[in-house]
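Worksheet: one structure, shown below.
Heavy-atom basis, side chains included; hydrogens, waters and symmetry copies ignored. Naming convention: chains lettered A, B, ... in sequence-line order (proteins, then strands); numbering from 1 in each chain.
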Amino acid sequence: MTIPYDPHSIEAKWQQYWMDHQTFASSIDRQKPKFYVLDMFPYPSGAGLHVGHPKGYIATDVISRYKRMRGFNVLHPMGWDAFGLPAEQYAIETGTHPRETTQKNIQNFKRQFQSLGMDYDWSREIDTTDPAYVRWTQWIFRKLYEKGLAYLAEVPVNWCPALGTVLANEEVQDGKSERGGHPVVRVPLRQWMLRITAYADRLIEDLDVLDWPEPIKKMQREWVGRSEGAQIFFEVCGRDGDRIEVFTTRPDTLFGSTYLVLAPEHPLVKEVTTLEQRVAVEAYVGEVSRRSDRARMAEFGKKTGVFTGGYVLHPVLGTKLPIWIADYVLATYGTGAIMAVPAHDTRDYEFAKTFSLPIIEVVAGGETDTAAFTGEGVSMNSDFLNGLATPQAKTQMIDWLEAHNKGAKTVNYKLRDWLFSRQRYWGEPFPVIHLEDGTTKVVPESDLPVLLPELDDFRPSGEFEPPLARAQEWKEVIDPETKQRAIRDANTMPQWAGSCWYYLRFCDPSNQEAPLSIEAERYWMPVDLYVGGAEHAVLHLLYARFWHKVLFDLGIVHTNEPFQKLLNPGMILGYSYRYYDNNLSDDPSVTPRICPSSDIVFEGETAVHKESREEMKARWVTANDVRWNEQSQPIHPTIDSIVLEEVTEKMSKSRGNVVNPDDVIEEYGTDALRLYEMFMGPLDKGAPWSSESIPGMYRFLQRAYRLIKGDGNEEHSLAPLVDGTGTTEQARLTARTIQGVTHDIETMGLNTAISKLMVFARDIAKTDSLPRVSAESFVRLLAPFAPHMAEELWEMLGHSTTVAWQSWPDYDPALLVSEEMTIPLQVNGKLRSKIQVPADWTKEQVVEQAQQDTKLQELLQGNAPRKVIYVEKKLVNFVV
RNA sequence: GCGGGAGUGGCGGAAUCGGCAGACGCACAGGACUUAAAAUCCUGCGCCCGCAAGGGCAUACGGGUUCAAUUCCCGUCUCCCGCACCA
């Protein structure tokens, strides 16, 4: 009997060792190449980590440990994006100060990270709510303000009356708040905006040099949405000097323009509306402003609008074109007005059909009787453009417009300026005061940070006023320069602010003089590998790039991009179990009628019973409560006849499909958990979690343990080792494993790297001895994946220093070349036999040998093959 | 609707400069050890026919190119993700 592998004592021992010896502390070392590997900044939520979260963190840990062993000076830090709404909501519900909740959650997260055996340099831990950090976030805001990139403007925001706060776009889903599902309305408020649009072109162009997943780059390009075209001016009939400017990407179709459309909010709507049309126009504008986004979405594609009674003059032809208003034209894009070319724009076409407006074909190539033709072609019915291909026609038209002062070439972006203020408590205050005379000033550098006032009540006041506005003493100040009375800006920054530059702070986390030193920045930046969820594709990653470029222009950073390589780990999914009932209002007093999913059909989004047509609501059964019948079908906890529907989806509390890593570690240890998460499949692909697979990882670890420890049961026993490399067979196996594992880590194939380690452990155990070189190579290869086990085995092998700083094993490439090769023999492409031949045989020798094969002779029956195909060292195929 | 990605055993997955499909792991079955169980170890394990030897069929579906296709081309279906009146 061997002493079984006990993960708990081993893991506790080495985690303690790493902490005591500060094994992973990093500092600038110019003798070594640096490698900065970073995980996306976690928000320390109250729920803690579930097994889905660590996937990316474990991957960076493997890479970080690997790179260290390859001689890199590794920076692998961790910190907390700790401002945010949940702590504030909790404060409102319970009165607990968000700082308290946040600290508690951070402690829990940190404990979980440590129990995962991460090699973070904890001396660099940062927390965005720490005044020492807030100070520099505000300092950067000052820079933005000084550069004219931060400004106040009145813009419509998402106001949630039930929560009493403004919400970010990403916190609103289908017109309801993400938290609680309360209605959200749009109201205009004076807000801080950041001029991200000034960087639009650079945000697109600089993507080219980044090693990021192509889909993410594409999403960013589309989000910025650059489009080139022209502005064209249309004189309004009967109103001297008034002109309507439209934006179009197809100036070549100007001759096909048959009417103009303004957004209902366009400033000239009132001016161009005639007396007769006023009632209709006002009714329409009113209706549109009341219509929620949700309602608009439901009616997608349906065109509504009203004629204003006004006309413009066609800039070339001088003919009269009617002006309409319609909500398919957006006030916030371009000029809020379009020239409609129904023959060549799908939306205009639908609108023209709905309101019987004329359609004139001006680009040949489509069937404009049945649909708009939006492709390129040759211009027709277009005066001086006739016969020109679309690109030439565009240039020609722009030249004409510019020459006649009726338009100009322009570029437009979908990207809007970034709404940067929130009416909340738990965020960075703006370092801004508003003076009595109406001017706005930033707080001088020497007075930073501006800290949050202490409040007892974190509730918003209800009427758009941020909670900070109630802190009288805090709010009222005297401007030291002018001695005027002033009030502090009561808004706070959104959560994104802290995560826009945290990766810089990690380079130099306790600097009191600057956000970070030039020296640290020049050494560590840029981030070499950045790992985090694709859900941040356009938000965090765009915001951080924007700030980084501003800091680049200020000379604070020396690269124009912060994150060189980006990787998105796929999501780990959970199984949830569903049935339906008719208790739509969740009334606890009624006894609902329940049914399995198989009785449900969908009418649009609504689930209804397939016979009674009654509307039903989905119910979820926690995985623990699910029972299994004899046919291995999941069934309802109390009702046998209800077979549950198994759904794989994102882990979440409400679905009852969350697996806590603490439980897995308790049962099998961290190394098994780490191995499983990496072994599940390719890093960037999602896969359902299956706890049943973890014992397999545990068994592998146990085999590895026994391999080194041998059969002795004393505490310090060691398998009998043979000095040196052992037999050729053993040396080959070892070399092949080193080569394979190294290659797989380099290409991020961590799942196949692990399988190669398993093959090694299996095959080396079949040989009758264990060479020291094989044992020590294996332990080092294992170290990035199962660091605790590797440390323990390394110690067993007689070493007194950590394996984390050992060099990565090497091998002799000559060992990879074998003396023999197996050649499959095919007849008509089908595998029929195999032969074993010396590796250096020529085609003739191999084919000759192949024809001697009895199996093959049987099949060929003496007939000469029509053709013989030999693939160098791969196979022989006889075509008959 | 548009754009992107993906469909391989009971399950997670491996193999793509076209060249032995199913590495590795889970589950399952049989065996060894044990008084017994657990643990551990060994063996088997795509489907169909066959006692076996062997053969046939198989990488979502239907075609095509090729000596050879999971891999390349055309079409269809399904799932996931992103965008959604951006002129």
Margin query: Please classify the nucleic acid contact of A/N751 as base, sugar-phosphate, or nothing, using heavy-atom distances under 4.0 Å.
Written below: sugar-phosphate
Notebook entry, point to check: Are A/Y5 and A/Y698 near enough that their ring centres are under 6.0 Å apart?
Noted result: yes
Check: Does any nucleotide pair with B/rU8 by Watson-Crick or G-U wobble geometry, both distances under 3.5 Å, and what is it?
Finding: none
Note to self: From the set B/rC24, B/rG4, B/rC67, return the single nucleotide nearest to any side-chain atom of A/V759.
What the structure shows: B/rC24
Next item on the list: Looking at every strand, decide which applies to A/E222 at a 4.0 Å heavy-atom threshold: base, sugar-phosphate, or nothing.
Entry: nothing
Item checked: Length of the line joining A/E692:CD and B/rG25:P, which is rounded to integer Å -> 17 Å
Margin query: At 4.0 Å (heavy atoms only), tell me whether A/V871 reaches a base, stays on the sugar-phosphate, or touches nothing.
Written below: base
Note to self: Between B/rA69 and B/rG18, how many Å separate the two C1' atoms, rounded to a whole number?
What the structure shows: 6 Å
Next item on the list: Calculate the interatomic distance between A/M571 atom CE and B/rG82 atom C1'; express it in whole Å.
Entry: 13 Å
Check: What is the pairing partner of B/rU70, taking Watson-Crick or G-U wobble pairs with both distances under 3.5 Å in any strand?
Finding: none
Next item on the list: Measure the distance from CG on A/D684 to P on B/rG12 and round it to the nearest whole Å.
Entry: 17 Å
Next item on the list: Go through the steps for A/E645 and A/R578 under the test salt bridge (charged side-chain N to carboxylate O under 4.0 Å, His left out), then give the verdict.
Entry: CA-CA 5 Å; A/E645 178 191 7; A/R578 175 161 68 184; 2.9 Å; yes
Item checked: Smallest separation among heavy atoms of A/V329 and A/P264, with atom names -> O-CD, 4.1 Å
Note to self: In terms of relative ring orientation, are A/W324 and A/F355 parallel, tilted or perpendicular, with 30° and 60° separating the classes?
What the structure shows: tilted
Notebook entry, point to check: When only distance counts, do a donor and an acceptor, one from the side chain of A/K834 and one from the base of B/rC20, lie under 3.5 Å apart?
Noted result: yes
Next item on the list: Assign the ring pair A/W418 / A/Y543 to parallel, tilted or perpendicular, where the plane angle (0 to 90°) is split at 30° and 60°.
Entry: parallel
Next item on the list: Indicate, yes or no, whether a donor-acceptor pair under 3.5 Å links the base of B/rC85 to the side chain of A/K303.
Entry: yes
Margin query: What is the distance, to the nearest angstrom, from the CE atom on A/M697 to the P atom on B/rG12?
Written below: 15 Å
Next item on the list: For A/W689 and B/rC11, give me the distance from atom CH2 to atom C1', rounded to whole Å.
Entry: 15 Å
Note to self: Please classify the nucleic acid contact of A/E214 as base, sugar-phosphate, or nothing, using heavy-atom distances under 4.0 Å.
What the structure shows: nothing
Next item on the list: Quick one: look up who B/rU40 pairs with, Watson-Crick or G-U, both distances under 3.5 Å, and put none if it's unpaired.
Entry: B/rA32
Notebook entry, point to check: In whole angstrom, what separates A/I325's CD1 from B/rA87's C1'?
Noted result: 18 Å
Next item on the list: Tell me whether the centres of the aromatic rings in A/F351 and A/Y259 are closer together than 6.0 Å.
Entry: yes
Check: Yes or no on salt bridge (charged side-chain N to carboxylate O under 4.0 Å, His left out) for A/D348 and A/K303, after CA distance, side-chain angles and deciding distance?
Finding: CA-CA 9 Å; A/D348 297 343; A/K303 295 287 178 288; over 6 Å; no
Margin query: Among B/rC41, B/rC67, B/rA87, which nucleotide has an atom closest to any side-chain atom of A/V879?
Written below: B/rC67
Check: Considering heavy-atom distances to RNA chain B, does A/P824 or A/T752 have its closest nucleotide positioned more toward the 5' end?
Finding: A/T752
Checklist line | Phosphate OP1/OP2 of B/rG25 contacted by A/Y676 side-chain N/O (<4.0 Å) | finding: no
Next item on the list: Give a yes/no on whether any side-chain N or O of A/R699 is located under 4.0 angstrom from OP1 or OP2 of B/rC41.
Entry: no
Next item on the list: Considering non-hydrogen atoms only, spot the tightest contact between A/V626 and A/P634 and give its length.
Entry: CG1-CB, 3.6 Å
Margin query: Looking only at the side chain of A/K874 (C-beta and beyond, no hydrogens), which of the listed nucleotides B/rC17, B/rC24, B/rA14 gets closest?
Written below: B/rC17
Margin query: Within the 4.0 Å heavy-atom criterion, would you say A/S755 contacts the bases, only the backbone, or no part of the nucleic acid?
Written below: base
Margin query: Let me confirm one number: the CG-NZ distance from A/L541 to A/K217, rounded to the nearest 0.5 Å.
Written below: 13.0 Å
Item checked: Complementary nucleotide for B/rA60 - Watson-Crick or wobble, under 3.5 Å -> B/rU76
Notebook entry, point to check: Looking across every strand, which nucleic acid part, if any, lies under 4.0 Å from A/T249 by heavy atom: base, sugar-phosphate, or nothing?
Noted result: sugar-phosphate
Checklist line | Listed nucleotide nearest any side-chain atom of A/M680, set B/rG3, B/rG12, B/rG19 | finding: B/rG12
Margin query: Counting the atoms with a prime plus P, OP1 and OP2 as sugar-phosphate, which does A/P695 contact under 4.0 Å by heavy atoms, base, sugar-phosphate, or nothing?
Written below: nothing
Next item on the list: Specify the residue among A/T822 and A/P215 whose closest nucleotide of RNA chain B lies further upstream toward the 5′ end.
Entry: A/P215
Margin query: Applying a 4.0 Å non-hydrogen cut-off, can you work out what A/G225 is touching in the nucleic acid: base, sugar-phosphate, or nothing?
Written below: nothing
Note to self: Expressed as a whole number of angstroms, how long is the span from A/L831:CG to B/rA69:C1'?
What the structure shows: 16 Å
Check: Just to confirm, is there a sub-4.0 Å distance from OP1 or OP2 of B/rA39 to any side-chain nitrogen or oxygen of A/R703?
Finding: no
Margin query: Can you tell me which nucleotide in B/rG19, B/rG4, B/rA87 comes closest to the side chain of A/L330?
Written below: B/rA87
Notebook entry, point to check: What is the pairing partner of B/rG82, taking Watson-Crick or G-U wobble pairs with both distances under 3.5 Å in any strand?
Noted result: B/rC2
Notebook entry, point to check: What distance, rounded to whole Å, do you find between the two P atoms, one in B/rA6 and one in B/rA14?
Noted result: 12 Å
Next item on the list: Can you tell me, in whole Å, how much space there is between the P of B/rG50 and that of B/rA38?
Entry: 35 Å
Item checked: Sugar-phosphate, base or nothing in reach of A/G229, heavy atoms under 4.0 Å -> nothing
Note to self: Please classify the nucleic acid contact of A/S227 as base, sugar-phosphate, or nothing, using heavy-atom distances under 4.0 Å.
What the structure shows: sugar-phosphate
Next item on the list: Kindly label the base of B/rG9 as syn or anti, based on whether its glycosidic torsion lies within 90° of 0.
Entry: syn
Note to self: Just N and O in the side chain of A/K830: are any of them under 4.0 Å from OP1 or OP2 of B/rC57?
What the structure shows: yes
Check: Is A/R832 touching bases, backbone alone, or none of the nucleic acid, heavy atoms closer than 4.0 Å?
Finding: sugar-phosphate
Next item on the list: Taking only the side-chain heavy atoms of A/F679 (C-beta and beyond), determine which of B/rC24, B/rG13, B/rC20 contains the nearest atom.
Entry: B/rC24
Check: B/rC41 P sits how many Å from A/L707 CG, rounded?
Finding: 12 Å
Notebook entry, point to check: Taking only N and O in the side chain of A/R762, is any of them less than 4.0 Å away from OP1 or OP2 of B/rC24?
Noted result: yes
